[in-house]
Amino acid sequence: MVSKAKKVIIIIVIVLSLFAYSQYVLASQIGVKITQSDLLEENESGAIHDVVLEFNNPSLLYLTAGKTEFFVVANEKMIGRGDLESFVLPALGSSSVSGTYMKDSNVNTQEDSTVKISGVIKYNVIFTSIDVPFVYYPTPDQAREFIREN
């Protein structure tokens with residue numbers, strides 16, 4: 001027969017496992033949106049933009065992220081890539097993150113292109129790390145900023 005102490009330990013492990021899983025599911029639903037995008041420089045290789053993204057954390061986990069690479073895709077073609085600075089995302093909070101992005105001048109895009117920004121952020125949580133992909137579809141006005149021709 002299983003003692004009361006073992007039953008309590010089993011119940012605690014099950015509850016903690018369910019909590020950890022639910023927080024992982026919530027962390028994988030982190031929201032992202034563009035709050036600012038400015039053209040810094042244009043040259044023969046492309047256009048360099050300064051971008052600020054806001055991440056929203058729906059989980060109870062305090063997340064830290066290292067430098068993150070992201071990609072800008074228009075009509076299923078990669079038109080550029082960029083980097084976001086390291087950041088901390090508080091539990092149930094949001095954080096604005098700065099980065100730069102370079103649009104390749106050799107890629108032709110159209111005004112009505114479907115634009116998507118995507119990447120994978122590696123968050124460090126207590127004793128482990130989790131990879132959380134993000135995909136953001138900018139508004140038509142924001143998309144025009146990203147695909148503007150030189």
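All residue numbers refer to positions in the sequence shown, counting from 1.
Here the CG-CD distance, from Asp83 to Glu69, works out to 6.0 Å after rounding to the nearest 0.5 Å. With rounding to the nearest 0.5 Å, the separation of CG in Leu84 from CD1 in Ile117 is 9.5 Å. Atom CG of Leu40 and atom CD1 of Ile48 lie 7.0 Å apart (nearest 0.5 Å). With values rounded to the nearest 0.5 angstrom, Phe71 atom CZ is found 6.0 Å from Met78 atom CE. The OG1 atom of Thr100 sits 11.0 Å away from atom NE2 of His49, with the distance rounded to the nearest 0.5 Å.
The shortest non-hydrogen separation linking Ser37 to Ile34 is CB-CG2, 4.4 Å. Nearest approach of Asn56 to Pro58, heavy atoms of both residues: O-CD, 3.4 Å. For the residue pair Ser96 and Glu54, the shortest heavy atom distance occurs at OG-OE1, 4.0 Å.
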Audit row: Glu41, Asn43, side chain to side chain contact (heavy atoms under 4.5 Å, CB included) steps and yes/no: CA-CA 7 Å; Glu41 176 185 334; Asn43 57 40; 3.1 Å; yes
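Grouping the Ile, Leu, Val, Met, Phe, Trp and Tyr side chains by contacts below 4.5 angstrom, directly or via other members, places Met102 apart from Ile79. The hydrophobic clustering, which links ILVMFWY residues whose side-chain heavy atoms are closer than 4.5 Å, places Leu16 and Leu60 apart.
The one candidate from Leu53, Val97, Thr64 that meets the side chain to side chain contact (heavy atoms under 4.5 Å, CB included) condition with Phe87 is Val97.
Between Phe70 and Tyr101, the angle of the ring planes lies from 30° to 60°, which puts this pair in the tilted group.
Annotation: side chain to side chain contact (heavy atoms under 4.5 Å, CB included) contacts of Gln36 (sequence neighbours excluded): Asp38, Asp50, Val52. Partners of Val15 under the side chain to side chain contact (heavy atoms under 4.5 Å, CB included) rule, at least two apart in sequence or in another chain, are Ile11.
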